[in-house]
Amino acid sequence: EGEDVTKEDLTRRLTSHDREDNANMAVNPDLNGSLRIVKISYPEPENHSQAAYEETYEKDVPEGFLLDTYYLKLEEDESVDVRVTFAVTDSTGNTTEEEIPVKVKYNHYPEISSEDTFYYLKEEANRGEITGEALTRRAKAQDAEDGDVTAKLALKDFDPQALRMQTESKKEFDVTYQVTDAYKKTTYRTVKVMVWDEDASIAEMPKYYVRYISEKYLDTLEEGSTWREPGNLAYLKAVLRNGTPMETWDFSHEDVIAAQEWITEDGDGHWKAGQEANRQFLAKFAHCRQ
């Protein structure tokens, strides 16, 4: 499907021989040079994207002829038999015609594989490191008929300057890959490129802190604190009046260092938080529970 098929492509697969004209095969081995195409019958494809039709030629197909190979008209894995009628005439004017099927098979679209999102630091964008070449190296392309077509990967309407000029702490860009196989089928895949200014992002994060408090200092709670809400405040007072611990944990100096390293193992500013992190902490440091 989509392949450029000429008269020469079709006739080179045939041999025409005449008993009289080719009696001396060393001098005149065949009549291949006299082969003509006088009729072609094209069937209707499964999805009716084009009607069946027939082309006839009084003498032969014209110069520049290309077989209709149903580009973008076949269903997946469909094939059609195009009926091509060849003719040859010997030196005394006798003509033989033969109808031969030519199978046109569906051409699969190539497939592009890559991550869905790429992350880059603003410093990398500023230095011009997010280039088309750098991005195409982060994807692969495969085609059922052509094999590995990664070398044909390109970016559609890519503007590296837009990445360099952005000033937000986090900015997301769409980048579209494209690849075309040998028979003109093109596949597109859009991924995200996230350009991140780490320092600016950290500065924009909400600030949280832990403080010591006792019943004596309840009036020092900040205005707007969730602990000033009546239900939370009543619970806090009850807890502060309770002198019996629910359980006791004993952390050695080494345990404290290990806990600090574990909770920030993704780097400064990346604290583990949430219920899953709590469960992991309880499992990792359960030996400290008395």
Side-chain angles (χ1 to χ4, degrees), residues 114-131 134-135 138 158-175 190-290:
S114 73
E115 301 171 46
D116 292 327
T117 307
F118 300 135
Y119 295 92
Y120 287 92
L121 294 176
K122 182 67 168 64
E123 290 80 359
E124 295 174 286
N126 292 344
R127 292 194 296 263
E129 296 178 9
I130 313 177
T131 63
L135 290 170
R138 301 184 69 172
F158 175 64
D159 180 11
Q161 191 65 15
L163 279 69
R164 298 185 67 173
M165 296 298 292
Q166 76 89 9
T167 58
E168 301 176 34
S169 59
K170 286 184 180 180
K171 179 70 173 179
E172 187 177 88
F173 297 87
D174 285 340
V175 172
T190 299
V191 300
K192 303 290 185 184
V193 172
M194 179 72 76
V195 179
W196 181 38
D197 186 332
E198 185 175 21
D199 292 337
S201 296
I202 292 173
E204 291 176 358
M205 292 174 63
K207 301 297 186 290
Y208 300 97
Y209 65 92
V210 176
R211 59 163 290 186
Y212 170 83
I213 196 168
S214 66
E215 193 172 10
K216 178 180 177 181
Y217 294 100
L218 283 174
D219 61 342
T220 64
L221 288 169
E222 290 186 3
E223 294 295 331
S225 169
T226 186
W227 293 107
R228 285 189 175 276
E229 298 174 10
N232 292 341
L233 184 59
Y235 173 75
L236 180 59
K237 288 179 178 179
V239 170
L240 293 175
R241 294 190 186 111
N242 180 14
T244 304
M246 295 178 62
E247 59 184 43
T248 301
W249 290 61
D250 185 11
F251 290 89
S252 67
H253 176 70
E254 289 74 18
D255 292 329
V256 172
I257 298 300
Q260 290 174 339
E261 291 176 349
W262 176 80
I263 204 169
T264 59
E265 66 183 3
D266 292 329
D268 292 342
H270 297 275
W271 299 79
K272 287 186 172 67
Q275 292 300 318
E276 181 58 29
N278 291 344
R279 285 190 286 270
Q280 292 175 6
F281 181 89
L282 291 173
K284 187 173 183 67
F285 297 99
H287 62 277
C288 299
R289 179 185 283 157
Q290 301 300 300

What pair of heavy atoms forms the shortest contact from [X] to [Y], and how long is it?
| X | Y | value |
| --- | --- | --- |
| Met194 | Lys170 | SD-CB, 4.3 Å |
| Ala134 | Glu129 | CB-O, 3.6 Å |
| Glu215 | Leu240 | N-CD1, 3.6 Å |
| Leu163 | Phe158 | CD1-CE1, 4.3 Å |

Has the side chain of Arg228 got a donor or acceptor atom that lies under 3.5 Å from a matching backbone atom of Glu222?
-> yes
Lys171 side-chain N/O to Asp197 backbone N/O, donor-acceptor pair under 3.5 Å =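 Here the side-chain-to-backbone pair does not exist.
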How far does [atom1] of [X] sit from [atom2] of [Y], to the nearest 0.5 angstrom?
| X | Y | atom1 | atom2 | answer |
| --- | --- | --- | --- | --- |
| Thr131 | Glu124 | OG1 | CD | 11.0 Å |
| Leu135 | Phe173 | CG | CZ | 11.5 Å |
| Trp262 | Lys284 | CH2 | NZ | 8.0 Å |
| Thr226 | Asn232 | OG1 | CG | 4.5 Å |

Measure up the His287 and Phe285 rings against each other and bin them: parallel (under 30°), tilted (30 to 60°), perpendicular (over 60°).
-> tilted
Output all residues satisfying side-chain hydrogen bond (donor to acceptor under 3.5 Å, both in side chains) with Glu276, sequence neighbours left out; order by chain, then residue number.
->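 side-chain hydrogen bond (donor to acceptor under 3.5 Å, both in side chains) check on Glu276 returns Arg279, Gln280.
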Mind checking what makes ring pair (Phe, Tyr, Trp, His ring centres under 6.0 Å) contact with Tyr235, not counting sequence neighbours?
->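 Expected list: none.
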Matching residue for Lys192 among Thr117, Asp116, Asp174 - test: side-chain hydrogen bond (donor to acceptor under 3.5 Å, both in side chains) = Asp174
